Amino acid sequence: MEVFMTFENLLNITPNPVFSFLIWILLALFTLYLARRPFHKSVMSFGRIIRNAMRLTANSLLLAEKNLVRRNREVLMAAGLENAERALEREFDRVETAISRNLESFPKVNRGLSEIIHKLEEDYKKSEDVPPALPNWMPVIESISKIKNSGDAVVSNMLTEINKSLNEQHAKAIESYRTDMSKRHTILNKMAAPWQQVMKHLGDMNRSIGKITDRAKRIDKYMEDYEKIRKKEDSAARTLSSSSLTQFFISGFVLLIAFGGALINFNLIALPMSEMVGGASYIGPYKTSDVAGLVIILVELTMGLFLMESLRITRLFPVIGSMDDKMRHRMIWVTFTMLAILAGVESALAFMRDRIAHDMEALRQTLAGVEQTKLATSLIPTVGQMIMGFILPFALAFVGIPLESFVSSARTVLGVVAGALIRFTAFSLRLIGNVIYYLCRCVVNIYDILIFPTIWLGSLFGSKGTKSSKSKKKESFKDSGKIGVVDREDMATENKV
Amino acid sequence: MKKSIVFIIMMGILLAGCTETKKHTKGVYMLLDTSGTYALELQRARSILNYLLGVLQPGDTLAVATIDTGSFSEKDIIAKVTFDERPSVANNQKRAFMQKLENFVSAVKSSPYTDISGGILQAIEYLNEAGTGKKYILIFSDLKEDLAKGHVRDVPFRLSDFNVIALNVTKLRQDIRDPKLYMLRVEDWRTKVEGGGGGWRVINDLERLDNIFAK
């Protein structure tokens, strides 16, 4: 009401309210015109402060992001180097094993080959004994054939005898030749088997050498990758990063499965644990029996981790990995024994659980007033639970493998996510800063639009004034160029930032 | 060496201190009205008690007492038990408890008067002594108090941390004629219980017994 009265009073400064209103408008415009420059300066300063603050923050964030990316890259490269070293080490081990195995068998193969070759030589020498050729009958026959049959019976008989004995001798000679040739062929035939043995030995050697060659090629590839990582090439970083992401998701999935296993394990032992530690005591808000069950599972997991570590399958605890072999073997046996004991305990607990569940079910039926059905007496569920109770701890022991992958890849993935978040925050800050700055400029322009008559008049009088005095000209120039000056200042600041 | 022994002992004490039993246990005291015709309803009380035996856990306390002429007496307690921490032993206790109740229900005699207030006072005393974490007093009655001559029950209830639940509050003949009487009766008990700092609920549908421990 008071405000209304005041407003009414304001309109009563002249008899005509419209005239009074106009006077007030003019006064307001004049005042706003006078306050124009300070207003512009303050609004633009505010905009600049916000924008610059945002930009500075964004810049420092981007700097931090750069450091993070660099650090991530270093970690990634270090992990990659370690993996490559492990792969190389493994390949060298395999090559060493293959070579030692082959070299071990080499004297035997060599001896075998020598024996076979010696035998072959002997056989060859035997086969070298060329059977006596047929006697050189031809010249004799030729000379005899030149004897003319003069019809003499003696000569004729003699020739017939000669022919007969010749034929006999010839048949004998051919028979002998054939026998010798047959012997030679038999010897040569026997040589085929040693030759096959030689071929087999040589084939085996060829295969072994081929395997070693393959491994050598693989080692070459690993060495190439290793070199790339060592040189910190971008392609290596990309490969390692993508490999890390894959590892992260796969190991995460396997860990989820393991978590499911642990949960089932927990349910198997939580109820019977209440029979051991009591079902009414609590540690904080949790039942002591539940906590005890959880502790057993965690101890099993720990034993599993130590076992994997002792077997040098994982490398989460360098202390265990660097132990001497004797100590490490002891550790393997200790952890395995403890794991087996815990598995036995779990199996017993699973049996107890089955009994308690039976008892509870019987009680429930009694309380419900229903006729007690004969509860399943089959041993299959009991035995099944016991087997599960025994196997699950050993299955959980392998959780160390995906855990190691998860931990190592999570570092990279978290780094990437953190980098992306920082970049997004920096972008958002710059965006907010710019939006505020341009809003301020917008406010300045709206202000000028509201008082445009006074600005117009001001520039009009200002331009007349320029004709009268130089100093006024300067003032007027300054006034008319105010926005321009502010804009230029802003542009300069923007460029600097 | 001494330091480490002291440390281990301290840790043991600390862990032992962490194990709380009483805080999480429930104490249930059920009052059974045996006056007049309500005694006939006791068969229904059996189903409630069976439900309670089914849901109560090792470490919980359960007591059942009658509401008769003078209920402020330990003699009115029919059966009481604090279940053992081991589930197997607790199951046997439940069986024994159930047997006791069956014997009682089959041989119950109706009483001429109804001393509900005395029963509540007895319940408060018993549950406070038991020291359970959560305390429930279940009143299986029509809530019509009828004190014998000379019985004074103007003692205010101290029911902070108590939940008082009226079960199966049957409507009497006069309630059917004038429901206001029933409402006034229930409201009167609510005022008494809430005035003593306790929580008050009425469960007439015995199919919704799970609401007993809902809060």
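Treat the numbers as computed from the prediction; the structure is a model and nothing was measured. No hydrogens, no waters, no symmetry mates; every other heavy atom, side chains included, goes into these values. Order of the sequence lines fixes the chain letters, A, B, ..., with proteins taken first and strands second; residue numbering starts at 1 for each chain.
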Arg158(B) atom CZ, neighbour heavy-atom count above 12 within 6.0 Å: no

Let me confirm one number: the CG-CG distance from Leu363(A) to Leu53(B), rounded to the nearest 0.5 Å. 7.5 Å

Taking every heavy atom of Pro58(B) against every heavy atom of Ala280(A), the minimum-distance pair comes out as O-CB, 3.2 Å

Is the shortest side-chain heavy-atom distance between Arg86(B) and Ser274(A) below 4.5 Å? no

Using a 6.0 Å cut-off, check whether atom CZ of Phe104(B) has over 12 heavy atoms from anything other than its own residue. yes

Determine the minimum heavy-atom distance between Asn50(B) and Leu367(A), stating which atoms define it. ND2-O, 3.0 Å

Does Met323(A) CE have over 12 foreign heavy atoms under 6.0 Å away? yes

Side-chain (His24(B)) to main-chain (Lys287(A)) donor-acceptor, under 3.5 angstrom: no

Taking CZ in Phe398(A) as the centre, count heavy atoms belonging to other residues, nucleotides or ligands within less than 6.0 Å. Is the count above 12? no

Between CZ of Arg364(A) and CG of Asn91(B), what distance do you get to the nearest 0.5 Å? 8.5 Å

Would you mind checking which part of Met360(A) comes under 4.5 Å of any heavy atom in chain B, side chain (CB onward), backbone (N, CA, C, O), both or neither? both

Taking NZ in Lys144(B) as the centre, count heavy atoms belonging to other residues, nucleotides or ligands within less than 6.0 Å. Is the count above 12? no

Apply salt bridge (Lys or Arg N to Asp or Glu O under 4.0 Å) to Arg95(B) and Asp359(A), showing your working. CA-CA 11 Å; Arg95(B) 284 191 183 95; Asp359(A) 190 32; 2.9 Å; yes

Scanning both residues in full, the closest heavy-atom pair of Glu85(B) with Val277(A) reads OE1-O, 4.1 Å

